[in-house]
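Reading through the structure tokens given below for one structure.
These figures come from a predicted structure and were not determined experimentally. For the numbers below, each heavy atom of this structure counts, side chains included, while hydrogens, waters and symmetry mates do not. Each chain gets a letter, A, B and so on, in the order its sequence line appears, and its residues count up from 1.
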Amino acid sequence: MSAFDQLARPVQKWIRSRGWSELRDIQARSTNIILGSDKDLIVAASTAGGKTEAAFLPLISQVLGDETEVRSGFDLVYIGPLKALINDQTKRLEDICTDVDLPIVPWHGDISASIKSRAEKRPRGILLITPESLEALFIRKGASIPHLFGNAKAVVIDELHTFLDAERGVQLRSLLTRLELAISRPVRRIGLSATLGDINLARTYLRPDAPNDVETVIAEGGEAELLLQLRGYISSGDDNEGDAATTEIAKHLFENLRGSDNLIFAGSRGRVEEFADRLRSLCEQAHLPQEFYPHHASLSKDHREFVEARLKDDALPTSAVCTSTLELGIDIGDVKCVAQIGPPFTVAALRQRLGRSGRREGEPAILRQYAIEGRLDANAHFSDRLRLGLIRSIAMIELLLKGWCEAPRPNALQLSTLVHQILSIIAERGGTSAKRLYVTLCERGPFSAVGPETFLAVLRQLGRSDIALIEQGEDGFLLLGRVGEKLVEHYSFYAVFNTPDEYRIVHDGRELGTLPVSQVLAPKLTLIFSGRRWEILEIDDRDKVILVKPARAGKPPLFGGDAGNIDDRVIEKMREIFEQDDIPRYLDAVASELLVDARTSFRNFGFANKRIVELGESRTALALWCGSVKTTTLALALRAMGFKVEQYDGFIELDGRETDTTVAAALAQLADDVSPNLFPENSNLIFEKFHPYLSTELLQLDALSSRLDAKSLPELASNLVS
DNA sequence: GACCTGCTGCGGCGTG
């Protein structure tokens, strides 16, 4: 029987009404799997590839075909990372279900309480919900979970790749485990994704205890042709009005993108505003209607929706200068070209961004990468001479072309999210045993890297009288403590990630700008802002103001601000690019020259055949050839041995003036596995939402499991000396 | 050396 014939009559009718002559390949394949088995499934295809239909046409057919007794509960559950995405998908599903008695129920923070309470009384149809709202259901309506979800035939997770990493993904996995435990049976899981670097990781995410049973449907041959250019620019070093590179890039964008829809990723909100402003005035000077608009999270919802609607409107040419706000799958239609100014932080993001272009049959995807490098003088620093930004841009493009992208670090403890889930389960059940928590979270759930000892240490910490997140009842049951009760009561509890407050940074009565602050700050500590170190004089928490003065030689923070995390593979690729001679064809004349330049400096410094280079005045450069995690670990170790350390992509620079140890001796010691304490006193380890409740010991464990890699030290050090 | 994501319950008031 063909895939089409397996679908329910009303679904077939809808397909015909759309004028489709047949199902797309991925839709036919997933229909066969969904209607022919009860297996989990991942559907990977580009944004316009029809993934939603691939999952829901057969799932709706299955629901309509099931005429057994009427049970209570939603038939299908869709989980999406964005409210806007849920709104888009609600419309699409409503359209499919126009002539069918299957309610579509969007459920997130902007949905009115009346719709929610109606759905809660008589749950049926398709629920579309965010992880946070699902979390809220577990906490507020713990006892009704079986009533709400007992009937669920499948959970569809949209944009699966956004959940693979970090806090929110761990939270969702934990919720899925808890859902299955609450209704005492597994529920089929279906993941939809555009960007997947490693399909096996996605399988493990979707069904950790049986990844090999997860079926996959991957769109084939649909990859559009890619047109690619990397243009090089030399900065005049003028930070203010007229940096030559900014002016030139804006002009190039104006001349080449005008008249069509495009996305310009500028890296930070400040740069988004800067480029949007330049492009706006270029339009004005030419007496042309406005078509370049900024888009980032600080702009009002109205403005953002206006830009999104304009992008969707084929009649109005529109280019959005944006941050990662326009990276995910909200519906803005196809764009002609994606521009990236400066290197992106991950290949995964670059891939996701590029996926916005070239989605129409026969149209190429177009990537315009702009690299800005400084003008060199006789005193130029080794890291500037090596043109690390340009080299990283090339490395990331090369890895993109190979289809590689970053994978999350396995075995991270995720203690902040663990604290959250402990409180959530206690709230859901009104109290529970330590044993049950351990089984739910660590044995069955996503915290498999947390052993019984660490788990107990966390429980004991949360139960301390000065922490008071949990307490033990007379029967040994764990209950919420005084502070825990307060935390869980407030609606801000549901999200597992931190939202930093924006503080105004003020020096001598002059505002330097605003800074999102997620770490704990205090007077006398230093912070990094607009490329400089500042000592904190005073913090006004109520008015969100930080008074600062320029720091002399204050201790630099353990991890500078919101440090990017560059993968080992990216740095390896950078090394290959330094060591080769060929010039990639997609480089323009300036970029080619800069690359030749960088390679010459690389050889002149001697990095071609050694990894330790004396720079003079007790300064030494080390070529580590590894990513941020290992680089930071080594930097901390050497700092503990008295060196001053600066980090760059794949390199560090040491200043040994204040220590008697030589670089060689220090490395020999590390190679011998004599590791100093990586954590200096008073070092800040608070980055995630529930970190403030953990002990220093637990925070160090957490950091070692995700941000640092102490085990790599001896090998790294011995490679350097040999 | 950066960006992004999310949020309940209830009191008070007006209207039909």
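- The phosphate of B/dC4 has OP1 or OP2 within less than 4.0 Å of a side-chain N or O from A/Thr323.
- Checked by distance alone, A/Ser492 brings no side-chain donor or acceptor within 3.5 Å of a matching partner on the base of B/dG6.
- Base engagement by A/Arg392 is indicated by at least one non-hydrogen atom pair under 4.0 Å involving a base atom.
- Spacing between atom CZ of A/Phe163 and atom C1' of B/dG6 amounts to 11 Å, rounded to whole angstrom units.
- Here A/Thr162 does not reach the OP1 or OP2 of B/dC4: none of its side-chain N or O atoms lies under 4.0 Å away.
- Remark: the A/Arg178 side chain and the A/Ser424 side chain contain an N/O donor-acceptor pair separated by less than 3.5 Å.
- When distances run from any side-chain atom of A/Thr130 to the nucleotides B/dT8, B/dC3, B/dC7, the shortest one goes to B/dC7.
- One can place CD of A/Glu489 at 10 Å from P of B/dC10, the figure rounded to the nearest angstrom.
- Mapping A/Gly267 and A/Lys83 onto DNA chain B by nearest heavy atom places A/Gly267 closer to the 5' end of the strand.
- For the OP1/OP2 pair of B/dA2 and a distance below 4.0 Å, the side-chain nitrogens and oxygens of A/Arg271 include no atom meeting the criterion.
- Side-chain polar atoms of A/Thr633 and A/Asp709 form no donor-acceptor pair below 3.5 angstrom.
- The separation between A/Trp107 atom CH2 and B/dG9 atom C1' is 13 Å, rounded to whole Å.
- With hydrogens and angles left out, the side chain of A/Asp649 and the base of B/dG1 share a donor-acceptor pair within 3.5 Å.
- OP1 or OP2 of B/dG6 has not a single side-chain nitrogen or oxygen of A/Lys689 nearer than 4.0 Å.
- Using a 4.0 Å cut-off between a side-chain N of Lys or Arg and a carboxylate O of Asp or Glu, A/Asp568 and A/Lys573 do not qualify as a salt bridge.
- Using a cut-off of 4.0 Å between Lys/Arg side-chain N and Asp/Glu carboxylate O, A/Asp655 and A/Arg619 are scored as not salt-bridged.
- For A/Ser268, taking side-chain heavy atoms from C-beta onward, the closest of the listed nucleotides B/dT8, B/dC3, B/dT5 is B/dC3.
- Geometric assessment of A/Arg271 against the ring of A/Phe265 yields a negative cation-pi assignment under the 6.0 Å and 45° thresholds.
- Distances were taken from every side-chain heavy atom of A/Thr499 (C-beta onward) to each of B/dC4, B/dG9, B/dG6; the shortest belongs to B/dG6.
- Listed nucleotides B/dC3, B/dT5, B/dC7 differ in distance to A/Ala297; the shortest reach to its side chain belongs to B/dT5.
- Rounded to whole Å, atom P of B/dA2 lies 16 Å from atom CD1 of A/Ile341.
- DNA chain B is contacted by both A/Arg304 and A/Lys141; A/Arg304 maps to the nucleotide lying nearer its 5′ end (nearest heavy atom per residue).
- Out of B/dG6, B/dG9, B/dC4, the shortest distance to the side chain of A/Arg140 is found at B/dG9.
- Nucleic acid contact class of A/His490 (heavy atoms, under 4.0 Å, all strands): none.
- Note: CD1 (A/Ile652) to P (B/dG1) measures 17 Å, nearest angstrom.
- Whole-Å rounding puts the A/Asn498 CG to B/dC3 P distance at 16 Å.
- The side chain of A/Thr325 approaches B/dT5 more closely than any other nucleotide in the set B/dC7, B/dT8, B/dT5.
- With a 6.0 Å cutoff to the six-membered ring centre and a 45° limit on the axis angle, A/Arg310 does not count as a cation-pi contact of A/Tyr293.
- Aromatic pair A/Tyr494/A/Phe138: centroids not less than 6.0 angstrom apart.
- Nucleotide B/dG6 holds its P atom 16 Å from the CG atom of A/Leu175, rounded to whole Å.
- Of the listed nucleotides (B/dT5, B/dG1, B/dC7), B/dG1 has the atom at the smallest distance from the side chain of A/Ile566.
- A/Arg168 comes within 4.0 angstrom of a nucleotide base, judged by non-hydrogen atoms across all strands.
- Taking the 5.5 Å centre cut-off and the 30° plane limit, the aromatic side chain of A/Tyr494 is not classed as stacked on B/dT8.
- One interatomic measurement links the two molecules: CG of A/Asp384 to P of B/dG1, which rounds to 13 Å at whole-angstrom precision.
- We find that the ring of A/Phe345 and the base of B/dA2 stack, their centres lying under 5.5 angstrom apart and their planes tilted less than 30°.
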